[in-house]
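First the proteins, then the strands, lettered A, B, ... as listed; each starts at 1. Everything quoted here is computed from the prediction, not taken from an experiment.
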Amino acid sequence: MYTVKLEIFEGPFDLLFHLIEKNEIDLMDIPISIILDQYMEYIRSLQEMDLDVASEFIVMAATLVEIKSRMLLPKFRLEEEAEKIEEDPREELVKQLIEYKKYKEIAQLLSGICGINRRFFKEEPDLNYIDKRVALNYSVEDIVNVYRKILERNKEKENKIEIKKEEYTVVSKIKELLTYLVKKPALWFSEIVRKSRSKLEVVVSFVALLELIKLNRVAAEQQTAYGDIFIRFLGREGRKHDPGRQD
Amino acid sequence: MTQEGKIEAILFAAGQAVKIRTLAEALEVTEEEVRELLKRLKEEYVKNHRGIDIVIFEDKVEMCTNDSYGDIVRKALKMEITQGLSQAALEVLAIIAYNQPITKAEIERIRGVRSDKPINTLLEYNLIKESGRASSPGRPILYSTTEDFLKYFGISSLKELPEIEPTS
Amino acid sequence: MTQEGKIEAILFAAGQAVKIRTLAEALEVTEEEVRELLKRLKEEYVKNHRGIDIVIFEDKVEMCTNDSYGDIVRKALKMEITQGLSQAALEVLAIIAYNQPITKAEIERIRGVRSDKPINTLLEYNLIKESGRASSPGRPILYSTTEDFLKYFGISSLKELPEIEPTS
């Protein structure tokens, strides 16, 4: 099973914190390019180990890419626009990181004082000193309710085992795209978007596409900003690695 | 940590009689040494008028309430305890009521947790009883509800237990 | 008989949390005096490395084992070592403790990651509970911490949680 996932990091915020601390970065002035590179490096290393990457990590990668591009943009903006957009594109992310950090610290503190496995309670009164008629002030309803709850609890557990929520992962999406490209070696990205069942799936498909470009399996072309992307398949082994090809 | 402290913690957490041998094994001392420690512990309880006490019978020991405080304990518990079964005990009772006769292993499979303590409590309350042994390997004890169960829960026979379909 | 002995006896015999008010009425003293006695009792337990301890939360007090004897208790009573709380579960617990009642969506927004699993773990441990539904669309379930949360973390009341700075 590939459920090992990012066991070391609780989520994208956790990973970002690790990177910020490792690089001794000021939270108020994060060098997005450096962080983005290291973030992607980590995710890629997981993919190389053939581990599935939880979709939240992919969404964060897309957010970082967006922040990076927005930080490059103002240079090319018209003056009036530049004035209007004064805010730091990192602001929202930093706010979230600071909030998350608070609870990460509290969690640490709670872990130190947690009595589970260490502190035991008695749970039952000493029968010698209580009036049975008072202590057993129950009706058959109580038994029925308790038993119903047990059955429901067990049923829920079973359901949880049976229905595993579908998750989109870059690795599986790359495989899916490759299979599709073999049948249809040229297509528009909008086609993939149309087939997606959620925004998340679109994001994951997009990251998968970037990976395929990097691996030289496809060529992509975008004529205008925000325009559709034309994708061309370069063969199963990619252009560079194609053993049958002679340049 | 002290040796007496260890024994005190184990006896409190057990909530029932514990074998001297069990204590000896846990503390990695001889049974004689455990008996010596228990004697010292009891002396300390008596000397300092503690609210707790221990009773030793044959090869077992159990923590209990110091009976000289019996009156005030009864008075306080009368105000405090209107429903004396823990959630765990109620769950075990419900499982036995609907599946009797049933073994401990089956109860624990349904609940997903160890259930010695609540079973013991229910036996003490006389709400359940041992009713033979299963034919499965090890011939485990089977448990059923008692007449007292019917009496305290206000039904005249088990047939009156409503059927349950798990709703979802 | 001593006042501490009386309290000790009541708390032991109750086997559950007892209201400070009940103790005051039983001992015929004020609640402040009970709190003072509880403080002395706890000090005595700590100083002498007793196996038992008391935990005070909100307006109640309950007897329990001393945390430092946890390992030997588990060993002696052959308790399975339940998996401790994961980092994820502790994060969710922290978020709920400071923002209760709170929905799953809000928890996940703060953590930036799906949190079904840790929420279920906390429900199984009875450290959090469902406490109604939000009025927002879909009427999502609200979660709050339980009394067991205070008991197992030795927090006397939610107000006692360390303050957290809005910025760092």
Side-chain angles (χ1 to χ4, degrees), chain B residues 1-16 18-19 21-28 41 44-46 48-53 63-89 108 112-114 116-117 121, chain C residues 1-29 34 37 41 44-54 60-80 82 124-126 146 148:
Chain B
M1 291 203 286
T2 66
Q3 297 292 75
E4 285 94 338
K6 288 178 191 170
I7 290 180
E8 197 169 55
I10 295 167
L11 292 182
F12 177 84
Q16 61 190 63
V18 177
K19 288 204 182 83
R21 186 158 41 97
T22 304
L23 293 174
E25 280 166 14
L27 270 67
E28 292 170 8
L41 201 56
E44 197 272 327
Y45 288 155
V46 172
N48 295 319
H49 308 282
R50 314 287 323 196
I52 52 176
D53 194 3
M63 187 176 274
C64 58
T65 316
N66 179 342
D67 197 49
S68 55
Y69 292 107
D71 288 342
I72 195 155
V73 169
R74 250 182 290 272
K75 183 177 158 197
L77 296 195
K78 204 171 187 176
M79 289 182 259
E80 198 66 31
I81 294 170
T82 47
Q83 294 201 316
L85 294 176
S86 64
Q87 183 63 24
E108 290 177 342
V113 285
R114 281 258 305 262
D116 308 69
K117 240 164 109 177
T121 305
Chain C
M1 290 204 287
T2 66
Q3 296 292 75
E4 285 94 337
K6 288 178 192 169
I7 289 182
E8 194 170 57
I10 294 168
L11 293 181
F12 176 81
Q16 55 178 250
V18 176
K19 288 196 195 76
I20 306 256
R21 184 157 43 88
T22 302
L23 293 173
E25 281 170 26
L27 270 67
E28 292 171 5
V29 296
V34 170
L37 284 165
L41 201 55
E44 198 271 323
Y45 288 155
V46 173
K47 202 184 83 198
N48 297 319
H49 308 281
R50 313 290 318 201
I52 52 174
D53 193 5
I54 48 173
K60 293 178 183 172
V61 54
E62 184 162 353
M63 189 174 275
C64 57
T65 57
N66 179 334
D67 288 5
S68 50
Y69 293 105
D71 287 341
I72 193 128
V73 168
R74 274 207 315 270
K75 183 181 161 197
L77 304 180
K78 299 197 172 58
M79 294 174 173
E80 310 136 62
T82 51
E124 273 174 37
Y125 274 103
N126 195 32
T146 60
D148 274 5

Do [X] and [Y] have side-chain heavy atoms sitting under 4.5 Å apart?
{"X": "B:E80", "Y": "C:R21", "result": "no"}
{"X": "B:F12", "Y": "C:D53", "result": "no"}
{"X": "B:I52", "Y": "C:I52", "result": "yes"}

Inset, instruction - Determine the option with the most heavy-atom pairs under 4.5 angstrom with chain C, choosing from B:R114, B:Q87, B:M79, B:E8. - result: B:E8

Legend entry - Greatest number of heavy atom pairs closer than 4.5 Å to chain C - which of B:A26, B:A14, B:G51: B:G51

Inset, instruction - Would you name the heavy atoms of B:A76 and C:T22 that are closest together and state the gap between them? - result: O-CG2, 3.5 Å

Legend entry - Main-chain N/O of C:T2 paired to B:Y69 side chain as donor or acceptor, under 3.5 Å: yes

Region of [X] that comes under 4.5 Å of a non-hydrogen atom in chain C:
{"X": "B:E28", "answer": "side chain"}
{"X": "B:Q16", "answer": "neither"}
{"X": "B:K6", "answer": "both"}
{"X": "B:I10", "answer": "both"}

If you tally heavy-atom pairs under 4.5 Å against chain B, which of [options] wins?
{"options": "C:E25, C:R50, C:H49", "answer": "C:R50"}
{"options": "C:V73, C:L11, C:L27, C:L23", "answer": "C:V73"}
{"options": "C:N66, C:L77, C:N48", "answer": "C:L77"}

Legend entry - NZ (C:K75) with more than 12 external heavy atoms under 6.0 Å: yes

Legend entry - Heavy-atom proximity to chain B below 4.5 Å, by part of C:E4: neither

Inset, instruction - Please state whether the side chain, the backbone, both or neither of C:I7 comes within less than 4.5 Å of a heavy atom of chain B. - result: neither

Legend entry - Separation between CE of B:M1 and CD1 of C:I72, rounded to the nearest 0.5 Å: 6.5 Å

